Amino acid sequence: MTEPSEWLIYRGAGEPHDGMSRLPPPPPWRDFSGRDAAGAGDGSRDRRLGAYRHLAELHRPGAEELEMINAALYLRRPLLVTGSPGAGKSTLAHSVAYELGLGDVLRWSIVSRSTLQDGLYHYDAIARLQDVQIAAQQGPGAAAGSPGAVDAIGSYIRLGPLGTALLPSDTPRVLLIDELDKSDIDLPNDLLNVLEEGEFEIPELQRIADRLPGGEAQVLTADGTKATVRDGRVRCRAFPFVVLTSNGERDFPAPLLRRCIHLELGRPDHNRLATFVRAHLGDEAARAGDDLIARFLERSRSELLATDQLLNAIYLTDAAAPPSRDRLADLLVQRLDRPR
């Protein structure tokens, strides 16, 4: 345990120093060093499930939670998960993918400008035009595979997370559509047909399907790999396990609700919070932070708090001396619903 000021890296002294050399490794949920140059193995599973997940009985769901997850799996229906920030809604998708061996989770983070098109695919017509112009300057001809060739169009189409999840495969992918309640008012309705039919069309490929070899085009996926699309249509064989999350900030239209299995995550108890901390920071940190967990639980009865705040507080106060520990924890765990 350091003295009150020794843990400070930036001191506001106005003079350069080598303080960065004393900065410890990042907390496991903010460690991005697991990414490789190709973008595979991006470390998101460890950041979500915890680097110490082997030490904890991670994500031990209650009976109702377990039943709703399995109902969605059996019925091939999306799972709409609501709950307060940090309740474990996103972690649920990673937990299912990890336990059932369904590969990396495809994540579509929703913002106010998100559209259905963003989730399905993007055709970069401008990039193709630029490549055609560059190729024209280098000499005539449109050999197979060159930017001007018909079969090159797939290089300019990239499937989004939803589009990638709907590619035909023997086992389902896990798709996380995160914070749907932040979307434009139209997106929940726009999702209805795709989620019901499990397919969508790519008009740019359909128009030229008869000129493509075998009607097939190689397109990019959200994973950074290539996939074959035939006749301009993507149609799943195994419907993906789709997790839609919401903080409960808005109501959704009835047609979407009837197509989903609804699960509401309640406030976690002390044991579940301790398991959560243990999975990310290990046994010692969970024991040392037991008093912070208890204080967090007590405050959460009347205040809106997020479990990430608890993790931040336990990780950082481990480096701070006792006189400033409680004050620092309070600064990090501030109510999210406080008046502005």
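All values below come from the heavy atoms of this structure, side chains included, with hydrogens, waters and symmetry mates left out. Remember, predicted model here, so these are calculated numbers, not experimental data.
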Close side-chain approach of [X] and [Y], heavy atoms under 4.5 Å:
{"X": "L332", "Y": "Q309", "result": "no"}
{"X": "L191", "Y": "L116", "result": "yes"}
{"X": "D326", "Y": "R295", "result": "yes"}
{"X": "V105", "Y": "V243", "result": "no"}
{"X": "H262", "Y": "M68", "result": "no"}

Indicate yes or no: does [X] engage [Y] in a salt bridge with an N to O separation below 4.0 Å.
{"X": "R278", "Y": "E284", "answer": "no"}
{"X": "D170", "Y": "R237", "answer": "yes"}
{"X": "D118", "Y": "R113", "answer": "no"}

[X], [Y]: one ILVMFWY side-chain cluster at the under-4.5 Å cut-off?
{"X": "L220", "Y": "W108", "result": "no"}
{"X": "L187", "Y": "L192", "result": "yes"}
{"X": "I293", "Y": "L331", "result": "no"}
{"X": "I157", "Y": "L129", "result": "no"}
{"X": "L66", "Y": "L92", "result": "no"}

Between atom [atom1] of [X] and atom [atom2] of [Y], what is the distance when rounded to the nearest 0.5 Å?
{"X": "L23", "Y": "M20", "atom1": "CG", "atom2": "CE", "value": "4.5 Å"}
{"X": "T82", "Y": "L265", "atom1": "OG1", "atom2": "CG", "value": "7.0 Å"}
{"X": "R230", "Y": "L212", "atom1": "CZ", "atom2": "CG", "value": "11.5 Å"}
{"X": "L166", "Y": "L159", "atom1": "CG", "atom2": "CG", "value": "9.5 Å"}
{"X": "T307", "Y": "L273", "atom1": "OG1", "atom2": "CG", "value": "7.0 Å"}
{"X": "I110", "Y": "L176", "atom1": "CD1", "atom2": "CG", "value": "9.5 Å"}

Under the 3.5 angstrom rule, does the side chain of [X] hit a backbone N or O of [Y] as a donor-acceptor pair?
{"X": "R299", "Y": "L297", "value": "no"}
{"X": "D231", "Y": "R233", "value": "no"}
{"X": "K89", "Y": "S84", "value": "yes"}
{"X": "T245", "Y": "E179", "value": "yes"}
{"X": "R250", "Y": "S183", "value": "yes"}
{"X": "R259", "Y": "P255", "value": "yes"}

Compute whether any side-chain donor of one residue and acceptor of the other, for [X] and [Y], lie under 3.5 angstrom apart.
{"X": "R267", "Y": "S300", "answer": "yes"}
{"X": "T221", "Y": "T225", "answer": "yes"}
{"X": "E204", "Y": "Y156", "answer": "no"}
{"X": "Q218", "Y": "T228", "answer": "yes"}

Going through the checks in order, is the salt bridge (charged side-chain N to carboxylate O under 4.0 Å, His left out) test met by R107 and D178?
CA-CA 7 Å; R107 180 170 183 168; D178 209 13; 2.5 Å; yes
Stepwise, does the side-chain hydrogen bond (donor to acceptor under 3.5 Å, both in side chains) test hold for R335 with S302?
CA-CA 9 Å; R335 63 186 301 168; S302 58; over 6 Å; no
